[in-house]
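See structure below.
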Amino acid sequence: DGGITQSPKYLFRKEGQNVTLSCEQNLNHDAMYWYRQDPGQGLRLIYYSQIVNDFQKGDIAEGYSVSREKKESFPLTVTSAQKNPTAFYLCASSIGASGGPAKNIQYFGAGTRLSVL
Amino acid sequence: RKEVEQDPGPFNVPEGATVAFNCTYSNSASQSFFWYRQDCRKEPKLLMSVYSSGNEDGRFTAQLNRASQYISLLIRDSKLSDSATYLCVVNPLTDSWGKLQFGAGTQVVVTP
C-alpha cells in the first residue's frame, strides 16, 4: 500500500535533548512538508521541501531542522532550542509541480505526538 | 485577520439532518480550495477539492463564493460517522504551489 509512514507514534523528550521524527513516503511525491498542530489551532508549517536536497523554512522553523537526502525521506529534528515542543507533528507529501490540478493536494501521515518529560 | 477563518463550533446535528458551515479566506487571488476531515487525534484526510464554483460528492456539497471570499460545506442526511472536525484549506498562490493555508477547523457532532 502506498502511503506516508511516521514514527514513532509517541515520543518523549527530556530537557536539553534533540529528538528526530521520521517521515517516509512511497508515493513517489516530489514535495514533503512538516506541520505542527496545537489544540484548537490550525496546522502551522515548519519546513517544506519541493525537491531532493532542497528545503525551505515555513512559518515556525525556529528550533527545528530537516534534511532531504532522499526523495522518500524527510526527517524532522526538534532541537533543544525549541522551548515548547509539545504538539502533534504531521508530515505530508504532494505530487509537486508536475501534478496538474492535483499538485496541491497534500496527503498526511498518522502523526507523532511529542511530549516533554 | 487570520488568512483562513472557520467557526470552531461545535455544530450539534441530529442524525439524518443537514448541516452547513462556512470558511472565509483573505487572499482574493486564491485559486484552489480543499475540505479535509480530521477525526480526534488522527491525521487530516482529504474530503473534496474545489477548483471552480463548487463540487458535490454524495452527501457532501462544497460551494465557492469568490465575490464574498468564502467556501461552504453542506452535509446532507448526516451519519454518526460524520462526527469529526472539518478543515478548510486554501491554496493562496503566493508561491506557485505547495504552501497551503489551513483553518483551525469546524467541529461537527452528529447525535442519535
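Since the model is a prediction, treat every value here as computed from it, not as a measurement.
When each of B/Gln107, B/Gln38, B/Gln6 is scored by its heavy-atom pairs under 4.5 Å with chain A, the top score falls to B/Gln38. Most heavy-atom pairs under 4.5 Å with chain A, from the set B/Lys45, B/Lys42, B/Arg41: that is B/Arg41. Among the candidates A/Gly109, A/Gly111, A/Ala92, the residue making the largest number of heavy-atom pairs closer than 4.5 Å to chain B is A/Gly109.
For the atom pair B/Phe102 CZ and A/Gln106 CD, the distance stands at 5.0 Å (nearest 0.5 Å). Distance check, rounded to the nearest 0.5 Å: CG of B/Leu100 to OH of A/Tyr33 gives 6.5 Å.
With sequence neighbours excluded, the residues forming a side chain to side chain contact (heavy atoms under 4.5 Å, CB included) with B/Glu5 are B/Arg1, B/Lys2, B/Thr24, listed by chain and number.
Contacts between A/Gln37 and chain B at a heavy-atom distance below 4.5 Å involve the side chain alone, from C-beta outward. Only the side chain of A/Arg113 has a heavy atom closer than 4.5 Å to any heavy atom of chain B. Using a 4.5 Å cut-off between heavy atoms, A/Leu90 touches chain B through its side chain atoms alone. Both the backbone and the side chain of A/Phe108 come within contact range of chain B, judged by heavy atoms closer than 4.5 Å. With a threshold of 4.5 angstrom between heavy atoms, B/Pro44 approaches chain A through its backbone and through its side chain.
The two residues B/Glu43 and A/Ala110 come nearest to each other via the heavy atoms OE1-CA, 3.6 Å. For B/Ala104 against A/Gly40, the heavy-atom pair with the smallest separation is CB-O, 3.8 Å.
Note on A/Tyr48 and A/Ile60: separate hydrophobic clusters, where clusters join Ile, Leu, Val, Met, Phe, Trp and Tyr whose side-chain heavy atoms are under 4.5 Å apart, directly or indirectly. If you chain together hydrophobic residues whose side chains sit under 4.5 Å apart, A/Met32 and A/Tyr89 fall into the same group. Clustering ILVMFWY residues whenever any of their side-chain heavy atoms sit less than 4.5 angstrom apart, transitively, puts B/Tyr36 in the very cluster that holds A/Leu43. Clustering ILVMFWY residues whenever any of their side-chain heavy atoms sit less than 4.5 angstrom apart, transitively, puts A/Phe74 in the very cluster that holds A/Leu76. By the criterion of side-chain heavy atoms lying less than 4.5 angstrom apart, applied directly or through intervening Ile, Leu, Val, Met, Phe, Trp or Tyr residues, B/Val89 is not grouped with B/Val50; the two fall into different hydrophobic clusters.
The closest side-chain heavy-atom distance from A/Asn104 to B/Tyr51 is not below 4.5 Å.
The number of heavy atoms from other shown groups lying within 6.0 Å of CG (A/Leu27) is above 12.
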